[in-house]
Every structure is written in structure tokens, then in C-alpha cells.
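Note that ligands are numbered from 1 as they come in the structure, with each ligand's atoms numbered from 1 the same way. All figures in this text were calculated on a predicted structure; none of them were measured in a lab.
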Amino acid sequence: MFRNITVHKVAFLLASIESALAILALSYFAPFHFGKFILVFLMLIVSFFVINRYILKASIFNRIHLIYRMIRGAKTNDLDFDGNTSLDKLNTEVANWAFKTKEEISKLQSLSKYRKEYVGNISHELKTPIFSIQGYLHTLLEGGIHDENINVSYLQKALYNLDRLENIVEDLDTINHLESNKDAIIIAPFDIRELIKKVLGELEKVASDASIILNYDVGDSSPIMVMGDQKRIHQVIYNLLINSIKYGKEGGTTKVNFHPIEKQIVVEVVDDGIGIEERHLNHLFDRFYRVDQSRSRSLGGSGLGLSIVKHILETHDQSISVSSVPGAGSTFSFALNRS
Ligand code: ADP
């Protein structure tokens, strides 16, 4: 009886007690026959039950009903909560709702913390080149423009910082695009061998300026068809290769390999550059994370390249992995499904 308490059960219990008390009082003042006693008792129980049910519904049930609607997010009266619904069930629902709400609140709190940090990072990243540009231009306007020792070099430095600003804004734009347009990727078959050749061609000059040799084992030149968004995978390979040049050693080599593994092709970018200490590896793909802040900044890095790589591969349901030995070099690898 007390297990699954419902409004009807409470109304009935109260009606029984009230009827028993009423019968006791009546029989004290006017003792009556046993047959009548049963009849009166039944009539009292029914009347008290109806009255109790009405009072309980008006005072408690309707309020519980409101809570029930609120936690279920229901907008209509069409609910499976009535006088026969166990209050234990309501109790469980309220407990579940409270648990879920608590989870949602903590998710929202960590999102808001993340957003604050993100905005803080962006403004910090933008401030650095903006202040540099301001400094160079002020010096030039205050007379430096006539000083042949600095005028051209200060203009070049200002321009370099403008390029950096452009890089950061472009990378932020890419991330924003990836986050808001997850469905916009176009998965189609393309030749990964051809794409790698193309990116290597684009970076030939940058690599030779940094005295890095780009080595690519083309093998036979038959196409290796994979499934993916070619434009975005182009960016993945580009970002990995440019990093291997930026963080490479003079006279070093970057190699691009690929291995067929079951239904996938694994692409590897292997360099013999400065390498990365193990403690940094877990954070490498976080936005704005840099192992060596000043080196990255001086090379025009936004700190977003690897986080873009991770994002793009996630939209392909793939991941990026890295292994590295400080001083000896790093290997970044990812897989794509064969077409
Ligand atoms: P950045 O714009 O700074 O290059 P990334 O997100 O591309 O930003 O890379 C994050 C950090 O990871 C870099 O600042 C660098 O310290 C490290 N890193 C990335 N690629 C390599 C690599 N091939 N060798 C050594 N360090 C690397």
C-alpha cells in the first residue's frame, strides 16, 4: 500500500480512517444494527473518498502536475500523469531531471570558460602584430621615414606583421567554418598521390629557402584513390608539410610516405627536425598551443595549424597521430578510406 503511493491510494486511506472515526462517533451517540453499520460505513467511505480526492487534486495533485509538465517540458495536458501515477515515479523523474540539469549547467559553465579563454587567446594573438605595426608606423611618421637606415626595413616589418595578422584571421575563419558547417564537406574519390605531388610543388620554394629537402617516394605513378574532401585534405597535408619546414633543421629532409592498410591508406609526414618533447604531445592539437612561442611567432605561426588538421580529419571520422623524438624529428600520420 505504502510502496507505490498514488493520489487515489492516499484519498482511500484517509477516507477509511475518516469513516472509521465517523462510525465510532455515530455509534456512541446512536448505536445501530450491524447490517446498517456496513452500509453506512460504505457510504461514508465513498463520500470521503470523493471529497478527499477532490481536495488532494486541488491542493497537491495540480501542483505536482505542474512540476511534472515542467520537467517533461510538455506544453499540453496530454500527460500520462493522473491520480493513479505513483509518486515514486515522480520522485525518480525529478531526481533524473535534477541530475540532467546539473550536468547541463556544468557543461554550459565549461563552455563559457572555454569561450572566455578562446576570446582572450584571439585578442592576445591579434594584439601582438597590431602593436608591432603601430610601433613601426609611428616611428616612420615621427621622422624615421627620412632615415634610410630604417625606412625600408620598418615598412617590410610592418608588412610582415600584416601577413601574420592575415594568417591568424584566415586560420580563425577556417576553424569557424569547420565548426559551423560540418555537413559542408564534400566527400568524393580523389588521387592522394597526385594531391601530395601538388602540395609538394607549392612548397618547393619555401623548402629550398629553408634548406630543407622534400622527399617523396612516388613509386609507380598509378593513382591511389581515396575518399575525402580534396580541398580540406590539401590543407591537412599543407599544414603538416609547412610545419616540417618551419620546425626542421637546416639541411634536413621531410619525407612523405603512404602505406595501404586494409581498406585505408595511411599518409605519413616524417621530418628530422627539432622534434617535440613528450609532455607537449597531448596538447599539440589544442588551439593556440605552441611548444616554443617565440619560434612559432617569429615564423609567422598562428598556433592554429594543427588544430585545423585535427578538425578536418574529425569531419572525415579520422584522427591524426604524432610520434616524436626531441632533437631527432617528428612523424605525423593519418588515414583515409580507399575509394
Ligand atoms: P604554429 O602556427 O605555431 O606552427 P601549429 O598548430 O601548426 O601552430 O603547431 C603547434 C605547435 O606544434 C608549433 O608551435 C610547434 O611548436 C609544434 N610543431 C608542429 N609541427 C611540428 C614539427 N613538425 N616539428 C616540431 N614541432 C612541431
Which ligand 1 atoms are under 4.0 Å away from a heavy-atom of [X]?
{"X": "Gly301", "result": "2 (O)"}
{"X": "Ser302", "result": "2 (O)"}
{"X": "Leu304", "result": "6 (O), 8 (O)"}

Angle between ring planes, Tyr289 versus His280, binned at 30° and 60°: parallel, tilted or perpendicular?
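Taking His280 first and then Tyr289, their aromatic rings sit tilted (interplane angle of 30° to 60°).
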Assign the ring pair Phe288 / Tyr118 to parallel, tilted or perpendicular, where the plane angle (0 to 90°) is split at 30° and 60°.
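Plane angle between 30° and 60°, so tilted.
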Grab the two heavy atoms, one from [X] and one from [Y], that are nearest each other, plus how far apart they are.
{"X": "Leu26", "Y": "Val40", "result": "CD1-CG1, 4.3 Å"}
{"X": "Gly135", "Y": "Thr139", "result": "O-OG1, 2.7 Å"}
{"X": "Asp272", "Y": "Thr253", "result": "OD1-N, 2.9 Å"}

Polar-atom distance check: Ser307 versus ligand 1, any N or O pair below 3.5 Å?
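N/O-N/O distance below 3.5 Å does not exist for this pair.
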Does any N/O atom on Ile274 come nearer than 3.5 Å to any N/O atom on ligand 1?
no
Among protein heavy atoms, which sits nearest to [atom], and what does the distance come to when rounded to 0.1 Å?
{"atom": "atom 7 (O) of ligand 1", "answer": "Asn243 ND2, 2.9 Å"}
{"atom": "atom 3 (O) of ligand 1", "answer": "Ser296 OG, 2.5 Å"}
{"atom": "atom 26 (N) of ligand 1", "answer": "Ile276 CG1, 3.3 Å"}
{"atom": "atom 11 (C) of ligand 1", "answer": "Tyr289 O, 3.6 Å"}
{"atom": "atom 6 (O) of ligand 1", "answer": "Leu306 N, 2.8 Å"}
{"atom": "atom 21 (C) of ligand 1", "answer": "Tyr247 CD1, 3.6 Å"}
{"atom": "atom 23 (N) of ligand 1", "answer": "Asp271 OD2, 2.9 Å"}
{"atom": "atom 12 (O) of ligand 1", "answer": "Leu284 CD1, 3.4 Å"}

Who are the side chain to side chain donor-acceptor pair (under 3.5 Å) partners of Ser319, not counting sequence neighbours?
none
Please work out which of Gly329, Pro326, Gly303, Ser324 has its closest non-hydrogen atom nearest to atom 2 (O) of ligand 1.
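The residue whose heavy atom sits nearest atom 2 (O) of ligand 1 is Gly303.
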Where's the contact between [X] and ligand 1, heavy-atom distance under 4.0 Å: side chain, backbone, both or neither?
{"X": "Val291", "answer": "both"}
{"X": "Lys246", "answer": "side chain"}
{"X": "Phe285", "answer": "neither"}

Using a cut-off of 6.0 Å, state whether more than 12 heavy atoms not belonging to [X] lie near its atom [atom1].
{"X": "Glu204", "atom1": "CD", "answer": "no"}
{"X": "Glu278", "atom1": "CD", "answer": "no"}
{"X": "Lys246", "atom1": "NZ", "answer": "yes"}

For a quick check under 3.5 Å, do Ser244 and Asp271 share a side-chain donor-acceptor pair by atom type?
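No - no donor-acceptor pair under 3.5 Å links their side chains.
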ring-ring contact (aromatic ring centres under 6.0 Å, His included) partners of residues 226-256, not counting sequence neighbours, each pair once:
none
